[in-house]
Amino acid sequence: MSEEITKTVSLVSPRLTAKKAEALSYVYKTYGEILKEAVYIMQYKGITSWMKGIKELYRYFREKYPDLPSHYVVEAIRDAATRLKSFQKLKEKGLAYTEKPEIKQWSVSCDDELWKLSFLGVEISTHIGRIRIPLLFHKQFYILYNSGWTLRSSCRWKIKDRKLRLYVFFRKTITPNTNYTKVIGIDVNENNVTLFTLPDHKAITIVTNHSKIVLGYAYRRKAIQEKHAHSLRLLHVALRKLREKNVKKALREKIASLIAKIAKKENAILVLENLPKKFQDKVLKKSGLKSFDAHRLKQSAIRGIQNHIVEKALEYGIKVEFVNPKNTSKTCPKCGSSLNSVAYNAQRKGWQPRIIKCSRCGFSHDRDVIAAWNIAKKLDVSSMPWGSKGAHDPYVGWQVTTMNRKVEAQHPLLTVG
């Protein structure tokens, strides 16, 4: 079955002239006013359909803002309906903290009538007509543009400090490979991602030491807050320079890219745990962790890494399956008996092996390797010509590699000719 994937690319303009910046700022501000008022009115009247919202509010906003291109009114009402639906879903789940949605940030949505992209820049409709804005195209844009991705007809933009930031969307239809010959189970943890390949019985642990990154930024953030407690402006400037979000995102993307390349080379299907949302809260309640340790676990981004793996795998045409995570690290993959800890090392200061041993057959190995093995075994491969041989399974090969912020870990499989 084919699936469509979407990628967002951000393009920034040079500093604009005062006239162009003023025109875009007016559209941006007016769009925000329409969006906020539309959300208020639609919630009051119980409208969640954007079609009903347009029918109810279009004439009102066109008379209120006659100089604004009409398509902006339609897009703002559509945006308001989307936000309302999202807010109602959060409210039903008890995750909304306000009685009505609060709009603090927004970007202007454009359909194909409001913008036109070329390699000279972008033309955007405003109340004074179309204005042409040069853009700084980068490598990622050209890679997608020249590799079979289709540019969507819609875009979004915002303006800040007299610079336009344009968000364009690429899409591509992918058909995942179903003729795989191997299975790779993936166990995502706070400080590592472990892969186990069947039928090769080979494991690799990619060490991320995510806890060190999280705690390092937490201590630096605390020091900055104490230093600039007297000046909110200096505090915001110093915190922006940390680039914590970018560093964590780059790490997740490197991990996902590496795993996708391994699966592609091995012609394998990827198997992940089907983890519930906010499962860290249950772990925190059970373990009783507090302060920096609780922050460390909340920031572990286990589901975030999984999402990146799924997205990158789909981009490479690799099939992904999810299985029940129950007892993956508590059951012996050879005989099915319970496992006991032999050497348990806390992960606060980075990754360390955690050895567990079977109470029945005596098999012992790292906890994460065993979990990845069990995850791979949970996939139904009864139709394939290989499977577990119980206690007579071959020796498990295990390799450990480290991925840091500057150098991407290289799996030996990627360098074999």
Side-chain angles (χ1 to χ4, degrees), residues 1-10 23-117 122-131 150-160 164-173 277-278 307 311:
M1 177 182 251
S2 299
E3 296 185 51
E4 184 177 279
I5 56 177
T6 303
K7 278 185 174 288
T8 304
V9 175
S10 173
L24 291 175
S25 296
Y26 173 78
V27 174
Y28 180 76
K29 181 180 177 181
T30 306
Y31 184 96
E33 291 173 355
I34 295 174
L35 176 62
K36 293 176 183 178
E37 191 173 357
V39 166
Y40 174 80
I41 296 174
M42 291 171 70
Q43 186 186 35
Y44 178 78
K45 294 187 175 183
I47 300 173
T48 56
S49 167
W50 69 273
M51 291 294 290
K52 290 182 180 179
I54 290 172
K55 186 177 180 180
E56 184 78 20
L57 301 174
Y58 177 78
R59 185 180 295 276
Y60 165 73
F61 284 123
R62 283 295 293 143
E63 292 175 354
K64 187 174 182 180
Y65 304 101
D67 56 343
L68 191 72
S70 60
H71 283 254
Y72 282 121
V73 175
V74 175
E75 293 299 314
I77 295 173
R78 189 200 301 264
D79 200 344
T82 302
R83 288 172 181 260
L84 275 174
K85 287 181 180 179
S86 177
F87 177 79
Q88 286 185 353
K89 288 180 180 179
L90 291 175
K91 198 170 184 180
E92 290 172 0
K93 296 177 181 178
L95 301 176
Y97 302 104
T98 58
E99 289 300 318
K100 59 180 181 179
E102 296 181 357
I103 301 173
K104 298 180 180 179
Q105 296 182 353
W106 66 90
S107 58
V108 180
S109 177
C110 295
D111 61 16
D112 57 354
E113 295 291 329
L114 296 172
W115 75 299
K116 183 179 180 181
L117 186 68
V122 62
E123 292 182 7
I124 295 180
S125 296
T126 68
H127 61 296
I128 60 173
R130 284 207 169 195
I131 57 176
T150 304
L151 188 65
R152 287 178 57 178
S153 60
S154 60
C155 76
R156 301 188 77 92
W157 61 266
K158 60 172 61 174
I159 184 168
K160 185 178 181 181
L164 175 78
R165 183 172 291 274
L166 181 73
Y167 302 95
V168 296
F169 309 103
F170 286 91
R171 62 184 178 184
K172 190 176 186 180
T173 302
K277 291 183 178 180
K278 294 194 173 184
N307 292 337
E311 291 173 6

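Positions are given from 1 along the sequence.
With sequence neighbours excluded, the residues forming a salt bridge (Lys or Arg N to Asp or Glu O under 4.0 Å) with Lys64 are Glu37, listed by chain and number. Shown here are the salt bridge (Lys or Arg N to Asp or Glu O under 4.0 Å) partners of Arg130, two or more places apart in sequence or in another chain: Glu123. Residues meeting the side-chain contact (heavy atoms from CB on, under 4.5 Å) test with Thr126, sequence neighbours left out: Ala23, Leu24, Val27, Ile128, Ile131.
Counting non-hydrogen atoms of neighbouring residues, nucleotides and ligands closer than 6.0 angstrom, the OH atom of Tyr58 exceeds 12 such neighbours.
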Got a list of side-chain donor-acceptor pairs under 3.5 Å for residues 65-72, not counting sequence neighbours?
residue, atom, partner, partner atom, Å
Tyr65, OH, Glu33, OE1, 3.2
Asp67, OD1, Tyr26, OH, 3.1
Asp67, OD2, Tyr26, OH, 2.8
His71, ND1, Asp111, OD2, 2.6
Tyr72, OH, Ser125, O, 2.7

Using a 3.5 Å cut-off and no angle test, enumerate the donor-acceptor pairs between side-chain atoms of residues 41-52 and protein atoms at least two apart in sequence or in another chain.
residue, atom, partner, partner atom, Å
Gln43, NE2, Glu99, O, 3.4
Lys45, NZ, Glu56, OE2, 2.6
Ser49, OG, Met51, N, 3.3

Under 3.5 Å, which donor-acceptor pairs link side chains of residues 81-96 to any protein atom two or more places apart or in another chain?
residue, atom, partner, partner atom, Å
Thr82, OG1, Arg78, O, 3.1
Arg83, NE, Asp79, OD1, 3.3
Arg83, NH2, Gln105, O, 3.3

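Just one residue in the list Val9, Thr150, Thr6 forms a side chain to side chain contact (heavy atoms under 4.5 Å, CB included) with Phe169, and that residue is Thr6.
Side-chain atoms of Arg165 and Ser10, non-hydrogen and from C-beta on, do get closer than 4.5 Å to each other. Residues Leu114 and Trp157 have side chains not in contact (no heavy-atom distance under 4.5 Å, counting atoms from C-beta outward).
Between atom CD1 of residue Ile124 and atom CG of residue Leu117 there is a gap of 9.5 Å, rounded to the nearest 0.5 Å. Rounding to the nearest 0.5 Å places CG of Leu35 at 9.0 Å from CZ of Phe61. Rounding to the nearest 0.5 Å places CD1 of Ile34 at 10.0 Å from OH of Tyr60.
For Tyr167 (side chain) and Lys158 (main-chain N/O), no donor-acceptor pair under 3.5 Å exists by modelled atom type.
Of all the heavy atoms in Cys155 and Trp115, the pair that sits closest is SG-CD2, 3.4 Å.
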